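These notes are about the structure you will find just below.
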There are 2 protein chains.
Amino acid sequence: MKIDPSKPADLSAQIAGAIRDAIISGSLIVDERLPSEAELADHFDVSRPTVREALKRLAAQSLIRTQRGATGGAFVNRLSFEAAQPQQITTSTLLLSMNAVSFETACEARYALERACAPLSAARRSPDHLATMRAEIHRQGQPGLTDEAFCASDVAFHRALVDGAGNPVLSYQLAGAVEAMQPLMNMITFTARDRARIIALHEGIADAIEAQDAIATAEALTALEQETQTLAQSVFAARAARR
Amino acid sequence: MKIDPSKPADLSAQIAGAIRDAIISGSLIVDERLPSEAELADHFDVSRPTVREALKRLAAQSLIRTQRGATGGAFVNRLSFEAAQPQQITTSTLLLSMNAVSFETACEARYALERACAPLSAARRSPDHLATMRAEIHRQGQPGLTDEAFCASDVAFHRALVDGAGNPVLSYQLAGAVEAMQPLMNMITFTARDRARIIALHEGIADAIEAQDAIATAEALTALEQETQTLAQSVFAARAARR
DNA sequence: CGATTTTCATATGTCTTACATTTAGTGTTT
DNA sequence: AAACACTAAATGTAAGACATATGAAAATCG
């Protein structure tokens, strides 16, 4: 079923790959129990620690979970959107921070994606999502809010917008793009006037969504994108000039 | 710098988390060498196998790489888009297959995202990407092409479209959405007439991109989405009726 | 006889020790 | 001076042992 030609590279990586392929191909079904570590070690003709390293690799991708005890063992995970999103977010964040992706590029991608689900969000928006958006707008207007909290609320606002599309695949893909921007946004200091402008644009978006007006939503998002881009440009220009 | 309160759960998971946080926060820079396994074991007051399991977890996410030999050790990886995409794709694929996501939902998400980068692709399309798209269209017209090869070419066509936007963040995010659809598409059998219609729509997209007409591109994508949806519906309906 | 407690078997989590292998650097020999 | 061998340091792998969690069977008590 799954063998292991011990020729080229790490045994643990090979074993992990073999099991992963079995899961992807469907040979191992969700919630099925893998053989015990000892049995796997015997089957692949390696030691138990080697098998354990392979299992940890899979656990890191949340492909399997392990349980201790008598009926314990390694089980194939049902990979849920909720479980996959944190990984997606950290990966996206690291990609941005490690590859010198410009603020401009990341911002462009983010708003392009958000505009993609604008028509769906406008058509399907629920009272729940609208309420969340309004609540976040209200929070953003609170005095004494730190820049970080302002950014966090901004992210929550946009995620409500995305989730309003009612498409889990879209929500999953966009969570990475939206959340990964937060560290970049945190580098910006928002003046009171900046915040007022952003809040006004947010209100415009919420209004367009409430009115189920897809075109107006897209236009409002474009306006917000331009506002964000010019804001970031001035901040980075000022920072560059100071040195 | 990074400690480990040994209270709740697996030590290896805790250690992996601590190192991961150090990488994300920037305490560990790209290409920096981690302490040796023995030193880490000493620092966290655990055994070497436990440290190794933690390192394997991080290696599975390609956050680190390991080198054997005298100057070997674990090094912080520069997480590249190319390295991250395969993981993104397998995760997306598993999410679709394990969560009973309907063809309709996945298809809707995919085309919504593609329409998002249509304006950018139209504005920035390079001769290279256009040539790839034309080549894939030509391949799709070859007689004797298997359904699987037809689908693979379809994916290549759409990836060229996405890459034409010239935004690596967009390409990364959409690779998952586009590629993860392939197993679902492979369940469809394409008649000659189906293929002819799809190829015609592909040509319409390529023409619109070549003419740098963003609106026409979006419309062509919408037409292709509808064609795909109705095609899938008829296939699934026929399959349901046969039982 | 039934419910509760105890015991036990099993599997993972961890530690210890040891050896194998790879690789860079160094020292010796020709 | 160059080629070779040797060494040291690090990861890769192995084997065995103990700790711990946990469900189920067995034993005990009401």
Side-chain angles (χ1 to χ4, degrees), chain A residues 2-20 22-23 28 30-77, chain B residues 2-20 22-23 28 30-77:
Chain A
K2 48 205 174 176
I3 344 169
D4 183 26
S6 27
K7 293 291 151 45
D10 308 60
L11 290 178
S12 69
Q14 287 183 46
I15 296 172
I19 299 177
R20 175 172 30 241
I23 294 176
L28 293 171
V30 164
D31 289 337
E32 185 172 335
R33 184 178 168 282
L34 297 179
S36 76
E37 295 178 352
E39 287 171 309
L40 285 174
D42 190 56
H43 174 44
F44 288 117
D45 204 38
V46 298
S47 72
R48 221 187 112 208
T50 303
V51 169
R52 284 183 59 78
E53 288 180 7
L55 293 180
K56 292 306 171 191
R57 293 182 111 108
L58 300 174
Q61 301 171 305
S62 49
L63 288 180
I64 62 170
R65 65 181 180 278
T66 55
Q67 242 180 2
R68 294 177 69 172
T71 60
F75 298 84
V76 179
N77 248 338
Chain B
K2 47 203 173 180
I3 344 171
D4 184 28
S6 28
K7 294 288 153 44
D10 307 60
L11 290 177
S12 68
Q14 287 184 44
I15 296 172
I19 299 177
R20 176 174 26 241
I23 294 177
L28 293 171
V30 163
D31 289 337
E32 184 172 336
R33 184 179 170 282
L34 298 179
S36 75
E37 296 178 352
E39 287 170 309
L40 286 173
D42 191 56
H43 175 44
F44 288 117
D45 204 37
V46 297
S47 72
R48 221 187 111 209
T50 303
V51 168
R52 282 182 60 78
E53 288 180 7
L55 293 180
K56 293 305 174 191
R57 292 181 114 108
L58 300 174
Q61 302 171 304
S62 50
L63 288 181
I64 62 170
R65 64 180 181 280
T66 56
Q67 243 180 1
R68 296 177 67 171
T71 59
F75 298 84
V76 178
N77 248 337

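In this text the structure is predicted, and so the values were computed from the model without any measurement. Throughout, protein chains are lettered first and strands after them, A, B, ... in sequence-line order, and every chain is numbered starting at 1. As a basis for the values below, the full set of heavy atoms in this structure was taken, side chains included, without hydrogen atoms, waters or symmetry mates.
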*Which heavy-atom pair separates A/F44 from A/I15 by the least distance, and what is that distance?*
CE1-CG2, 3.6 Å

*Give the minimum heavy-atom separation between A/L28 and A/E32, together with the two atoms involved.*
CD2-OE2, 3.6 Å

*So do B/D10 and A/K56 actually touch side chain to side chain, heavy atoms under 4.5 Å?*
yes

*Contact class for A/R33 (heavy atom, under 4.0 Å): base, sugar-phosphate, or nothing?*
sugar-phosphate

*Return the 5'-most residue of the pair A/G69, A/R48 with respect to DNA chain D, ranking by each residue's nearest nucleotide.*
A/R48

*Which two nucleotides bound the region of DNA chain D that has atoms under 4.0 Å from heavy atoms of chain B, read 5' to 3'?*
D/dA9 to D/dT13

*asked:* Looking at A/G72, is its backbone amide N or carbonyl O close enough to the side chain of A/R33 to form a donor-acceptor pair, meaning the two atoms are under 3.5 Å apart?
replied: yes

_Given DNA chain D, 5'-ward residue of the pair B/G72 and A/D45, judged by closest heavy atom_ = B/G72

*Heavy-atom closest contact (B/A74 atom, B/I64 atom, distance)*: CB-CD1, 4.2 Å

_Heavy-atom check, side chain of B/N77 versus side chain of B/L58, under 4.5 Å_ = no

_For B/S12 versus B/T50, what's the shortest heavy-atom pair and its separation?_
CB-O, 3.8 Å

*5' to 3' on DNA chain C, which nucleotides open and close the contacts with chain B (atom under 4.0 Å from a heavy atom)?*
C/dG13 to C/dA24

*Using modelled atom types only, decide if a donor and an acceptor are shared between the side chain of A/R48 and the backbone of A/L40 within a distance under 3.5 Å.*
no

_Toward the 5' end of DNA chain C, by each residue's nearest nucleotide, A/G73 or A/P49_ = A/G73

